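Because only heavy atoms are used, hydrogens play no part in the values below, and waters and symmetry mates are left out as well, while side chains stay in. Indexing begins at 1, ligand by ligand and atom by atom, following the structure's order. Please read these numbers as outputs of a predicted model, since none were measured by experiment.
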Amino acid sequence: MLVSGSGSNLQALLDACADPAYGAQVVAVGADRDGIAGLERAEAAGVPTFVHKVKEYPARADWDRALTASVAQYKPDLVVSAGFLKLVGEDFLESFGDRYINTHNALLPAFPGIHGPRDALEYGVKVAGATLFFVDGGVDTGPIIAQVVVPVLDDDTEEALTERIKDVERRQLVEWVGRLVREGWTITGRKVRLK
Ligand code: GRF
């Protein structure tokens with residue numbers, strides 16, 4: 001699992017994995033920075049961690065290769081990005097492109113990028129939500145696995161909407177990571193189906 005921040009999605013997965021019937025385990029947590037709650041959550045759960053900072057590498061491609069190598073070491077069935085604030089490069093996508101998923105806090109294809117709830121609020125939409133998708137070479141453009149909707153309220157602030165989305169986003173992530181790992185999946189064009 002890859003994180004850059006608070007790691008509340010990671011925590012939801014760690015909690016779900018405590019039940020053997022869930023069928024998945026978080027084998028490692030990687031980050032692009034230190035000192036984040038996400039890494040502390042992993043350590044508290046006894047999950048190995050690694051950090052690769054872009055600025056520690058001469059070129060972005062070197063960082064990407066290092067990240068790819070660290071993830072590959074754990075032979076994951078699925079790589080989950082949740083709040084990981086970096087776009088991976090070609091090496092990473094070649095290795096994990098068919099099993100690298102990300103959760104985004106907007107209803108794609110609307111409001112890609114890092115300010116999903118803010119952009120949705122400013123646009124005046126009446127529903128918002130979260131999208132789980134397979135990552136491709138674009139920004140929040142890959143095949144969609146699942147989406148969940150919440151209302152936008154008249155007096156919403158960015159913070160209130162962000163939290164309302166995160167609550168359902170975590171549950172969606174837990175449900176679908178479990179289903180993908182237990183049942184397997186196919187991707188045909190843009191269509192994702194469970195086996
Ligand atoms: C999620 O809402 C994700 O969609 C967004 O950042 C948040 C990550 O939260 N890009 P956390 O670090 O899992 O708490």
Side chains of residues 77-93: which donor-acceptor pairs under 3.5 Å do they make with residues two or more places apart or in other chains?
residue : atom : partner : partner atom : Å
S81     : OG   : N102    : OD1          : 2.8
K86     : NZ   : D32     : OD2          : 2.7

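- Using a cutoff of 4.0 Å between basic side-chain nitrogens and carboxylate oxygens, R60 and D64 are not scored as salt-bridged.
- The side chain of E169, and not its backbone, has at least one atom closer than 4.0 Å to an atom of ligand 1 (non-hydrogen atoms only; side chain from C-beta on).
- Among protein heavy atoms, the minimum distance from atom 8 (C) of ligand 1 is reached at G83 CA, 3.6 Å.
- The H104 neighbourhood of ligand 1 comprises atoms 4 (O), with distances under 4.0 Å to a heavy atom of that residue.
- Taking distance alone, with nitrogen or oxygen atoms compared against 3.5 Å, G7 approaches ligand 1 more closely than that limit.
- The single protein non-hydrogen atom nearest to atom 9 (O) of ligand 1 is K166 NZ, 3.0 Å, given as residue, atom name and distance.
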Which side-chain N or O atoms in residues 105-127 pair as donor and acceptor under 3.5 Å with protein atoms at least two apart or in another chain?
residue : atom : partner : partner atom : Å
R118    : NE   : E158    : OE1          : 3.4

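- Atom 14 (O) of ligand 1 has as its closest protein heavy atom S6 OG, 2.4 Å.
- Follow the hydrophobic side-chain contacts under 4.5 Å out from I145 and you never reach V148; the two are in separate clusters.
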Please report the C-alpha distance between L13 and M1 in whole Å, then the side-chain angles of each, then the deciding distance to 0.1 Å, and finally whether the side chain to side chain contact (heavy atoms under 4.5 Å, CB included) criterion is met. CA-CA 10 Å; L13 274 179; M1 178 131 185; 3.5 Å; yes
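- By the 4.0 Å heavy-atom criterion, T103 is counted among the residues contacting ligand 1.
- Nearest heavy-atom pair across Y22 and A16 is CB-O, 3.3 Å.
- Scanning the protein for heavy atoms near atom 5 (C) of ligand 1, the closest one is N105 ND2, 3.7 Å.
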